[in-house]
Novice: 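The following block contains the structure, expressed as C-alpha cells.
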Amino acid sequence: MTQYAFFKGGIVPIGEAKISVMTHALNYGTGCFEGIRAYWNPEEEQLLVFRMHEHYERLLHSMGILMMERRYTADELEHVTVELLQMEGYRTDCYIRPIAYKTDEIIGVKLHGLHDDIAIWTTPFGRYVENEEGAHVGFSSWQRVSDNNIPPRGKITGAYANTAFIKTEAVLNGFDEALVLNRNGFVSEGSAENVFMVRDGVLITPPAGEDILEGITRATMIELAREELGLQVIERPISRTEFYVADEAFFTGTGVQVAAIVKVDHRPVGSGAMGPIVKAIRNLYFDVVRGRVRKYRRWCTPVYAEVPHPSASLRAGLATAR
Ligand code: PMP
C-alpha cells in the first residue's frame with residue numbers, strides 16, 4: 001500500500017528508500033523515531049494528523065539526546081509529512097513513522113562524530129492492541145530501561161529491544177499487554193503505552209521521572225480529563241498492587257489510543273469490565289482526534305485542501321433543513 005517515503009532529503013518511491021546492512025543504526029540501535037496517527041474524517045472527507053507538532057518536537061528532543069544534527073525544524077518535517085500523505089492520497093486512518101538514524105557504515109559504537117538522516121514513511125493503520133475494550137495484562141518479569149541506561153524519555157530504537165522482550169513474554173503467556181516495573185520497583189508504563197488508574201474518581205499516572213516516555217496521548221488525556229471531565233489528575237509513583245485495588249485502569253498511546261485494562265495479573269480491575277470514566281474519556285478522545293471537538297481542532301492538521309466537498313455541504317444543508 002505504501003508508495004512513497006521521505007528519504008535523503010526528498011520524496012522517493014518506497015522501493016528506493018533502502019539502507020545498507022552496514023548502517024550504524026541497524027547494527028547498534030542508534031536511531032530514534034516517532035509514531036503519529038492521522039484520522040480519516042468521513043463527514044469532511046478530510047485526513048487529520050493528530051498533534052503532529054508535538055511529535056516532531058519530541059523527535060528533535062530524542063535526536064538531541066543521541067547527539068544528532070537537527071537540520072530540519074519541526075515545521076519543515078510537518079510540511080514534508082503533509083506532502084507525503086497527499087501523494088499517498090489515503091482516505092482511511094493511517095500511521096506516520098519518522099525515523100532519524102546514524103547513517104555511517106563503520107564499525108565502532110559511539111554517538112559522537114557520526115552522520116545522520118531522517119526518513120519518513122506512512123501506512124494505513126487500524127488497531128495496535130486487539131482488545132482495546134478490555135485488555136488482560138500481566139506484570140512483566142522484565143524491567144523497564146532507565147534514564148541511566150537507555151533514556152526512556154527519548155524514543156530510541158535500541159530501547160525497543162526492551163519493549164520486544166516485554167511484549168513477547170506477555171503475549172506468549174496469554175496476556176494482551178504487559179505492565180512494567182522500573183528500577184525502583186514502581187510501575188512505569190506498558191510495553192509501548194503509558195498507563196493510568198482511577199481510584200475514588202481521581203486519575204493517577206506515574207510521573208515523568210519514573211522511566212516513562214513522556215507520551216503525547218498521556219498529556220492529551222491529562223488535559224481532557226481536567227478541562228472537559230472536571231477530574232483531578234495526580235502524577236505520583238504507583239506500586240504494583242495498587243492496580244489490583246484500582247476502580248479502573250487504561251493505557252494511552254498513539255498506537256493503542258485509549259485501551260481499557262480490565263484484568264491485571266488474573267485479578268479483575270474494578271468490575272472487570274470497562275468502567276464509566278474510561279468509557280467517557282475514550283469517547284471524548286475519539287471525537288477529538290477526528291476533529292469533531294472545535295476547541296481541540298488546533299491539534300488536528302488537515303492534509304487535504306479545506307474546500308467544502310459538495311456532498312459535505314449538501315449534508316450540512318440537509319441537516320439545517322431538518
Ligand atoms: N511509552 C512507550 C514506550 C511508547 O513507545 C509509546 C508510544 N509512542 C508511549 C509510551 C505512548 O506515547 P504517545 O502517546 O506519545 O504515542
Side-chain angles (χ1 to χ4, degrees), residues 1-20 23 25-26 31-63 68-103 115-128 155 157 216-217 253-257 286 288-292 296-313 315:
M1 274 290 255
T2 303
Q3 298 183 73
Y4 302 99
F6 178 70
F7 185 67
K8 295 188 177 165
I11 294 181
V12 299
I14 190 71
E16 290 175 23
K18 295 221 162 77
I19 57 166
S20 161
T23 305
L26 174 66
C32 56
F33 65 105
E34 273 304 318
I36 312 173
R37 267 189 192 262
Y39 289 88
W40 178 244
N41 177 316
E43 302 94 75
E44 297 177 30
E45 306 207 8
Q46 181 61 274
L47 188 61
L48 298 163
V49 189
F50 190 62
R51 303 202 77 172
M52 181 160 55
H53 189 74
E54 289 82 349
H55 279 283
Y56 278 121
E57 285 291 334
R58 187 171 66 187
L59 181 70
L60 295 177
H61 288 151
S62 298
M63 291 173 73
M68 290 178 170
E69 184 196 343
R70 285 172 280 189
R71 75 174 70 84
Y72 301 105
T73 64
D75 284 351
E76 285 165 344
L77 294 168
E78 286 168 59
H79 190 82
V80 168
T81 303
V82 167
E83 201 180 324
L84 199 53
L85 289 168
Q86 284 171 349
M87 287 175 69
E88 297 283 4
Y90 296 126
R91 293 170 63 81
T92 185
D93 294 352
C94 51
Y95 195 80
I96 300 142
R97 165 54 48 80
I99 178 161
Y101 60 101
K102 303 268 186 195
T103 55
H115 303 88
D116 47 79
D117 203 359
I118 295 186
I120 309 174
W121 56 276
T122 65
T123 184
F125 197 64
R127 286 181 170 225
Y128 181 73
K155 217 169 146 49
T157 54
I216 290 158
T217 321
T254 300
V256 77
Q257 308 180 101
F286 287 122
V288 166
V289 295
R290 273 188 218 282
R292 292 177 180 142
Y296 298 103
R297 188 70 185 206
R298 62 193 152 90
W299 287 340
C300 307
T301 306
V303 167
Y304 302 120
E306 289 199 282
V307 180
H309 190 276
S311 67
S313 43
R315 268 198 303 275

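The basis for the numbers below is simple: all heavy atoms, side chains too, and nothing from hydrogens, waters or symmetry mates.
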Novice: Does C32 reach the side chain of M68, with side-chain heavy atoms less than 4.5 Å apart?
Specialist: yes
Novice: After noting the C-alpha distance and the side-chain angles of V289 and R37, does the key distance pass the side chain to side chain contact (heavy atoms under 4.5 Å, CB included) rule?
Specialist: CA-CA 9 Å; V289 295; R37 267 189 192 262; over 6 Å; no
Novice: P124: what forms a side-chain contact (heavy atoms from CB on, under 4.5 Å) with it, not counting sequence neighbours?
Specialist: M1, Y90, T92
Novice: Taking side chain to side chain donor-acceptor pair (under 3.5 Å) as the criterion, tell me which of R97, H55, K155 meets it with E34.
Specialist: H55
Novice: Is a side-chain donor or acceptor of E88 paired with a backbone partner of Q3 at a separation under 3.5 angstrom?
Specialist: yes
Novice: Without swapping roles, check the side chain of D93 against the backbone of G126 for a donor-acceptor pair under 3.5 Å.
Specialist: no
Novice: Show your working on side-chain hydrogen bond (donor to acceptor under 3.5 Å, both in side chains) between H61 and E57 and close with a plain yes or no.
Specialist: CA-CA 6 Å; H61 288 151; E57 285 291 334; 4.6 Å; no
Novice: In terms of ring plane angle, is the pair Y95 and F125 parallel, tilted or perpendicular, where the classes change at 30° and 60°?
Specialist: tilted
Novice: Atom OH of Y4 and atom CD1 of I11: how far apart are they, to the nearest 0.5 Å?
Specialist: 9.5 Å
Novice: Evaluate the side chain to side chain contact (heavy atoms under 4.5 Å, CB included) criterion for residues I36 and Y56: first the C-alpha distance (whole Å), next the side-chain angles of each, then the deciding distance (0.1 Å), finally the verdict.
Specialist: CA-CA 9 Å; I36 312 173; Y56 278 121; 4.0 Å; yes
Novice: Provide the closest heavy-atom pair for E43 versus N41 in the form atom of the first, atom of the second, distance.
Specialist: N-OD1, 3.0 Å
Novice: If the condition is ring pair (Phe, Tyr, Trp, His ring centres under 6.0 Å), which residues does Y296 pass it with, not counting sequence neighbours?
Specialist: W299
Novice: State, with a plain yes or no, whether a side-chain heavy atom of H53 is found less than 4.5 Å away from one of D75.
Specialist: yes
